[in-house]
Amino acid sequence: ALRTGKEELAAAAIDALVERGATVDYETAEHHTALIEAASLGLADSLAQLVAHGATPDYEATDGKTALMYASEAGQAEAIAALVAAGASANYENKDGQTAFLMAMVAGRSDAAAVL
């Protein structure tokens with residue numbers, strides 16, 4: 001895939017942080033991991049890179065959501081496909097019993113739901 005300047009910068013930043021010992025599944029106070037951020041923004045290449053560096057595809061943040069759920073709510077179809085290819089489960093349920101598919105439909109993202 002052809003990368004944009006932003007994607008190249010993200011790839012370099014991920015590599016640099018991991019080389020310096022960053023924890024890939026680190027969760028911020030906002031309940032986000034690097035994988036969740038990349039999923040929300042639709043950065044499919046970054047998702048694959050993070051998983052290659054050890055990020056957990058089905059990591060559940062303390063708010064009960066996974067990266068797949070965030071990508072689904074944001075309508076990021078390419079990110080959804082990348083996460084499923086990396087092993088994220090479309091059947092995983094959050095604390096309220098909702099799957100990524102249901103979350104996409106509730107958010108009006110039928111295009112994202114179609115990927116699931």
Side-chain angles (χ1 to χ4, degrees):
L2 192 60
R3 289 183 172 180
T4 66
K6 184 177 13 175
E7 291 166 333
E8 287 292 337
L9 183 59
I14 291 167
D15 284 340
L17 288 167
V18 170
E19 287 171 13
R20 287 167 180 77
T23 304
V24 214
D25 283 333
Y26 174 80
E27 188 175 333
T28 68
E30 293 80 27
H31 311 294
H32 289 188
T33 63
L35 199 70
I36 286 172
E37 283 298 319
S40 297
L41 296 171
L43 301 174
D45 288 345
S46 294
L47 292 168
Q49 184 182 14
L50 287 162
V51 170
H53 281 301
T56 307
D58 278 330
Y59 178 87
E60 180 186 342
T62 54
D63 66 355
K65 294 182 184 178
T66 64
L68 186 61
M69 292 172 178
Y70 276 98
S72 297
E73 286 181 318
Q76 301 291 357
E78 190 176 340
I80 292 167
L83 285 164
V84 171
S89 174
N91 297 319
Y92 189 87
E93 294 181 2
N94 68 6
K95 294 175 182 177
D96 297 322
Q98 298 174 320
T99 63
F101 177 83
L102 180 58
M103 294 173 92
M105 293 303 290
V106 168
R109 305 292 190 161
S110 57
D111 53 335
V115 178
L116 296 163

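On a predicted model such as this, the values are computed, not experimentally measured, just so you know.
The shortest heavy-atom contact between Ala90 and Thr99 is O-CB, 3.8 Å. What you find for Ala79 and Ala39 is that their closest heavy atoms are CB-O, 3.8 Å. Here the shortest heavy-atom pairing between Ile36 and His31 reads CD1-O, 3.7 Å. Considering every non-hydrogen atom in both Ala86 and Pro57, the closest pair reads O-CG, 3.4 Å. Here the closest heavy-atom approach between residue Leu35 and residue Ala55 is recorded as CD1-CB, 4.3 Å.
At least one donor-acceptor pair closer than 3.5 Å links the side chain of Gln49 to the backbone N or O of Ala11. At distances below 3.5 Å, at least one donor-acceptor pair connects side-chain atoms of Asp63 with backbone N or O atoms of Lys65. In this structure, the side chain of Glu27 does not engage the main chain of Thr33 through any donor-acceptor pair within 3.5 Å.
Here Thr66 contributes atom OG1 and Met103 contributes atom CE; the two are 7.5 Å apart, rounded to the nearest 0.5 Å. Separation of atoms CG (Asp15) and CZ (Arg20) is listed at 10.5 Å; rounding is to 0.5 Å.
Hydrophobic clustering (ILVMFWY, side-chain heavy atoms < 4.5 Å, transitive): Tyr59 and Ile80 are in distinct clusters. In this structure, Val84 is a member of the same hydrophobic cluster as Met105, with clusters built from ILVMFWY side-chain heavy atoms closer than 4.5 Å. Under a hydrophobic clustering in which Ile, Leu, Val, Met, Phe, Trp and Tyr are joined whenever their side-chain heavy atoms come within less than 4.5 Å, directly or via other members, Val24 and Leu68 fall into the same cluster.
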Check residues 107-116 and write down every donor-acceptor pair under 3.5 Å in which the side-chain atom is one partner and the other belongs to a residue at least two apart or another chain.
unit_1: Arg109; atom_1: NE; unit_2: Glu73; atom_2: O; d: 3.4

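Of the residues listed (Leu43, Val18, Ile14, Thr56), the one engaging Leu50 in a side-chain contact (heavy atoms from CB on, under 4.5 Å) is Ile14, and it is the only one. Among His32, Gln76, Glu37, the single residue meeting the side-chain contact (heavy atoms from CB on, under 4.5 Å) criterion with Tyr70 is His32.
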- Task: I would like to know whether Gln98 and Met69 meet side chain to side chain contact (heavy atoms under 4.5 Å, CB included); could you show each step before the answer?
- Result: CA-CA 9 Å; Gln98 298 174 320; Met69 292 172 178; over 6 Å; no
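Between the side chains of Ser89 and Asp58, not a single donor N or O lies within less than 3.5 Å of an accepting N or O.
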